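These notes are about the structure you will find just below.
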2 protein chains.
Amino acid sequence: MSEPSLPEQIANELRRDILRGTLVPGAPLKERDRALEMGVSRTPMREAIRILSQEGLVVLRPARSPLVADPPLSDIMDHVIVLRALEELSGELACTNATEEDLDKLRAINAKFESEFYTADRLVSFETDMSFHMAIARASHNYALADTHRSFLARLWRARFLTSTRRRNRQTVLEQHAALLDALCRRDRAALKTAFDAHLGHLADDIRKVFEKEQT
Amino acid sequence: MSEPSLPEQIANELRRDILRGTLVPGAPLKERDRALEMGVSRTPMREAIRILSQEGLVVLRPARSPLVADPPLSDIMDHVIVLRALEELSGELACTNATEEDLDKLRAINAKFESEFYTADRLVSFETDMSFHMAIARASHNYALADTHRSFLARLWRARFLTSTRRRNRQTVLEQHAALLDALCRRDRAALKTAFDAHLGHLADDIRKVFEKEQT
DNA sequence: CAATGGTTTTTGGTATACCAAATTTCGAAA
DNA sequence: TTTCGAAATTTGGTATACCAAAAACCATTG
């Protein structure tokens, strides 16, 4: 098992801070201060910031401090649209390419998700949610697709995290995951597409609601 | 007009060398030597290499020299599959979102492509080809989509470049571009999807042929 | 008091120095 | 002659030093 590199570790830490809200959207990320604060030099800190920029969590400005990203609703919706296309393609390919091991893995993740539902804190449950979707993408056996899909999930991380506040949403997600898993096991392309549409339509609605509520 | 940053300039230069074949696939990119050679320090050279790795033109190995990428045929085909999905989505969105200016721009690029057809060298004609596809993606008015699309075009750059050798292919491309433009101007989703399928199916066939021929 | 211009400070970009891991080289032993 | 291992070298990773551009501050002036 290879340890993550120093820049990746730093990126992970910053990412958690951003998702948890310790670093608020719009705040500048002064690389010197952050580096000192975390006991590393500017070089790996710079690389970490590039990683997060690639994930859309921070925005770079030439010759200025990078900012914690604060994308407008329209941007997020654009991402959801692309994510839907990517997930539908994943599903289609997975219906023909998924092995039994792939399906077993999915079933295991889904079981974990269900068992965590009542106990785990949001971030943990949320990461299991993510890994479920990534496992479907990987079942397509198309690495380029899985990688791009992962990148879009990451970009929507914060928005999705915000929508996971309410228990009711998480209940719906539970049912939708079951529907996805069932359709894939039956290798039923049409049902899988329908399930993805429902899932992402629901996500889009939730995000819209959160944005409206935030408009205070 | 903002000048590209130093790392971007370096990345551009390296990219040309890779596409032109000056840097052959599989060759190591020693950052110290390259930096010295180009009269810059290692820091921006490192960043440039990260950019190219993000584009899939070089592969990073922990604690080892990065290599010029040499993807197997299956990898490239995976990329074509995703590119098709992205272009179809672009087309669909562009049919509703494209403005008249967008269409004018496309017409202009297409005219440029036609006029260059007999005169320009491969790389120039090729870049016009790329810009045509990127302009369609931008006409979707979905920035995330256009950006991802651009990234996939870049990853397929070398493979596409290799297929552009034969005049006959380029003739076909000319006709297919006309079909794409026509369908989009008529805002005919179905026709546009058909045209994209034909275009990318053709591309996949060509790449396969080039790989078979290279198998010497 | 507000506006302006110049000076100081802050901060990202680049170059360089240093370190540790990986590779290569080369000689000793079987 | 071949093989194995230790020393030397190469090379990516990290820390630091330096520079130029941007921002903040402040005094001067209308």
Side-chain angles (χ1 to χ4, degrees), chain A residues 1-18 22-71 147 155, chain B residues 1-18 22-71 147 155:
Chain A
M1 186 62 96
S2 66
E3 286 184 11
S5 72
L6 182 54
E8 276 165 12
Q9 291 178 38
I10 298 172
N12 290 340
E13 193 153 333
L14 288 179
R15 191 185 300 109
R16 274 210 309 278
D17 287 348
I18 292 174
T22 312
L23 292 170
V24 298
L29 271 183
K30 306 187 191 175
E31 57 183 54
R32 219 177 296 252
D33 298 357
R34 285 289 146 200
L36 191 63
E37 201 167 298
M38 290 184 55
V40 299
S41 86
R42 286 178 60 198
T43 315
M45 173 60 70
R46 270 178 78 79
E47 260 197 56
I49 290 175
R50 305 303 153 128
I51 292 174
L52 294 179
S53 120
Q54 211 277 325
E55 292 181 3
L57 285 178
V58 312
V59 294
L60 302 177
R61 308 176 297 173
R64 278 180 191 71
S65 291
L67 302 179
V68 178
D70 189 13
D147 190 58
R155 281 164 183 257
Chain B
M1 185 65 94
S2 66
E3 287 184 12
S5 71
L6 183 54
E8 275 166 10
Q9 290 178 39
I10 299 173
N12 290 340
E13 193 153 333
L14 288 179
R15 191 185 300 110
R16 272 209 310 278
D17 287 348
I18 292 174
T22 311
L23 291 171
V24 298
L29 270 183
K30 306 186 190 176
E31 59 183 52
R32 219 176 294 254
D33 298 357
R34 284 291 146 200
L36 191 63
E37 203 165 296
M38 291 183 55
V40 299
S41 87
R42 287 178 58 198
T43 315
M45 174 59 70
R46 271 179 77 80
E47 260 196 57
I49 290 176
R50 305 304 153 125
I51 292 173
L52 294 180
S53 117
Q54 211 278 325
E55 291 180 4
L57 285 178
V58 312
V59 294
L60 301 178
R61 308 176 298 172
R64 277 180 193 70
S65 290
L67 302 179
V68 177
D70 188 12
D147 190 57
R155 280 163 184 256

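A note on names: the letters A, B, ... follow the listed sequences, proteins ahead of strands, and every chain is numbered from 1. As the structure is a prediction and not an experimental result, all values here were calculated from the model.
- A 4.5 Å side-chain heavy-atom check between B/Asn12 and B/Arg15 finds at least one atom pair inside the cut-off.
- Using a 4.5 Å heavy-atom cutoff, the side chains of A/Leu60 and A/Ile49 are in contact.
- The existence of a salt bridge linking A/Arg34 and A/Glu37 is confirmed by a sub-4.0 Å separation between a basic side-chain nitrogen and an acidic carboxylate oxygen.
- At least one donor-acceptor pair closer than 3.5 Å links the side chain of B/Arg61 to the backbone N or O of B/Ser65.
- The residues A/Glu13 and A/Arg16 are annotated as not salt-bridged, no charged nitrogen and carboxylate oxygen being separated by less than 4.0 angstrom.
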(message) Treating primed atoms plus P, OP1 and OP2 as sugar-phosphate and everything else as base, which nucleotides of nucleotides 5-16 of chain D get B, S or - for protein heavy atoms under 4.0 Å?
(response) ------BBBBBB
